[in-house]
Amino acid sequence: MILTDDDRRLRDGDEGPAVAAAMDLLVRYGEALDAERLCDVRNVAGTTTQPSPVKARLVAEGGWDRAFSLINLDADETLPIPPMAVPTCQLQHGFGRDAVGVAPYPPEMIALQDDGEAFVGARGVSVLATCTPYQVGNLPVRGEHCAWMESSAVVYANSVLGARTNCEGGASTGAASLTGRIPCWGNHRDDERLGTHHVRVETPVASFLDWGLLGYAVGDAVQEGRPVVTGDLALPDLTDLKHFGAAAASSGGVEMYHVPGVTPEATSTEAAFGGRPPRDTVVFGAAERRAAYERLNDQGTCEDVDFVLLGCPHASLDQLRDAARALEGRRLADGTELWIMAPRALVAVAERSGYTAVIEAAGGRVLTDSCPAMSRTAPAGTRVFATDSAKQAHYLPAILGIEAWFGTTAECVDAAVTGRWRGELR
Ligand code: F3S
């Protein structure tokens, strides 16, 4: 791999041992990928603070320097961790203090996470604590090289923002945060951003549910491909695109998609493909829409719902407002809980706007920082849950061994206030 003089300087220890370990990691990673060089990044979204029993042991042994060295730099020895070299944010992690008494989540993990936040905060990490950093101020410009984790955030950054990132991990983002470098391969390269599959939509896609079903079907069909979606599409809003990308990154490994006339690198269908013919064509009609819906609901048998989850990926302000409107003057059924996951920074606005008060008056809770899948936690005794998120319906049954229902936000709110699932595809 070609290294610049500055790359070599960092690798040789001019900026200290932690930066040298970070460069060593990035060079090994880049060589394994056959990357020709590293590219400069000035926007890293990773995770250091997510608590776990292993991390608790490492912190007890040698503090957060020890945990960061081993987990985020793949270094055997404990290195003093300096301030981050480039703007870096902490993504979602475990539940925080707002979940005490609500989520059955160990208090010692919350205390460990608080400690980790102090450590990284002192080194210049912005603790956004959300899977949607783009909703709370981390907005890279078009063409900007980034190093982001979290599949739903990566597909949003590439497709909706036109930024450039692969789906990184805890070690590569840790190394990127200390060096401002990442191997230049995959989504960083012009030719690997062009469309591979043409998706022809032949049934109307207009609602939040529709965009989730479309994403789930498309991810399954194209896997790691880059779909170009055309046809019977109403103009999506950012929440629809958030749902579409998260769903496509769950049933498949989509990291980049184009909607000609909507997403920034697809001024036309031809531009999205860069003049190349599509590798394959996928049709999304009424039959494919129903198949996606049935697949997302194939884990549901019991219609008694214990738990309703909204906000995966973390809710937008519009979603919080809509949930409050749907719950106004209503009350959750006995034995049913409702959690809405959202970025803490947006919850401050939701509180100020009165949305949170309405949701809590109905018996629901707005929680931050994490989600049931990330923290492997649901209300005690949950057997059946309902969600409007294709991603959460895809993952949570396997993670927690519970049944899932997937439907519209209104159907989920209905399940929360009646304790019964009455959803159906319309
Ligand atoms: Fe976010 Fe959890 Fe969904 S981290 S994308 S709410 S699975």
Side-chain angles (χ1 to χ4, degrees), residues 45-52 89-96 98-99 102-103 105 109 113 127-136 138 148-160 165 167-170 173 208 211-212 215-216 219 238-255 296 299 307-317 319-320 323 338-347 365-379 382 385-400 402 404 406 409 412:
T47 183
T48 304
T49 50
Q50 169 86 38
S52 69
C89 75
Q90 164 67 40
L91 293 166
Q92 77 276 6
H93 48 187
F95 279 112
D98 55 348
V102 180
Y105 189 69
M109 289 293 121
Q113 184 164 286
V127 185
L128 298 181
T130 175
C131 47
T132 61
Y134 49 85
Q135 294 197 113
V136 288
N138 185 343
W148 281 24
M149 291 173 66
E150 169 49 43
S151 62
S152 68
V154 165
V155 67
Y156 193 99
N158 282 311
S159 312
V160 182
T165 179
C167 209
E168 299 293 349
T173 51
F208 181 74
W211 282 96
Y216 201 66
L238 294 178
T239 301
D240 295 328
L241 295 177
K242 171 166 74 84
H243 194 195
F244 172 79
S250 302
S251 56
V254 174
E255 295 179 5
L296 283 163
Q299 304 282 334
F307 174 42
V308 175
L309 179 87
L310 307 177
C312 168
H314 282 181
S316 66
L317 212 45
Q319 288 176 292
L320 289 168
L338 166 67
W339 293 358
I340 307 176
M341 305 307 312
R344 205 184 292 194
L346 291 189
V347 172
R365 299 301 298 244
V366 180
L367 296 175
T368 63
D369 291 14
S370 192
C371 74
M374 184 55 49
S375 289
R376 299 176 173 267
T377 304
T382 297
F385 94 114
T387 183
D388 62 354
S389 161
K391 176 170 181 174
Q392 201 77 211
H394 179 86
Y395 284 118
L396 206 58
I399 291 173
L400 294 182
I402 59 179
F406 167 80
T409 309
C412 290

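Both counts, for ligands and for their atoms, begin at 1 and track the order of listing. Atoms considered below: every heavy atom in the structure, side chains included; atoms not considered: hydrogens, waters and symmetry mates. Given the structure is predicted, the values throughout are model-derived calculations rather than measurements.
- Summarising the contacts of atom 6 (S) of ligand 1 with C371, S151, A342, the nearest heavy atom is found in C371.
- When every heavy atom of S251 is checked against every heavy atom of Y216, the shortest pair comes out as OG-O, 2.7 Å.
- Look at S152 and you'll find a heavy atom under 4.0 Å from some atom of ligand 1.
- Distance check for C131 against atom 1 (Fe) of ligand 1: an N/O/S atom falls below 2.8 Å.
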Query raised in the report: Could you walk me through whether Q135 and T132 pass the side-chain hydrogen bond (donor to acceptor under 3.5 Å, both in side chains) check?
Result: CA-CA 6 Å; Q135 294 197 113; T132 61; 2.9 Å; yes
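- The Q92 neighbourhood of ligand 1 comprises atoms 4 (S), with distances under 4.0 Å to a heavy atom of that residue.
- Using a distance-only test at 3.5 Å, with no hydrogens or angles considered, a donor-acceptor pair links the side chain of H314 to the main chain of S370.
- Counting backbone and side-chain atoms alike, C312 contributes an N/O/S atom closer than 2.8 Å to atom 3 (Fe) of ligand 1.
- Under the 30°/60° scheme for interplanar angles, the aromatic rings of Y156 and Y134 are found to lie parallel.
- Per-residue contacts place E150 under 4.0 angstrom from the following atoms of ligand 1 (heavy atoms of the residue considered): 5 (S).
- At least one heavy atom of Q392 sits under 4.0 Å from some atom of ligand 1.
- Using bins of under 30°, 30° to 60° and over 60° for the plane-to-plane angle, the ring pair H243/F208 lands in the parallel bin.
- From the protein, the heavy atom lying nearest to atom 5 (S) of ligand 1 is K391 NZ, 3.4 Å.
- Closest heavy-atom contact between A390 and A247: CB-CB, 3.8 Å.
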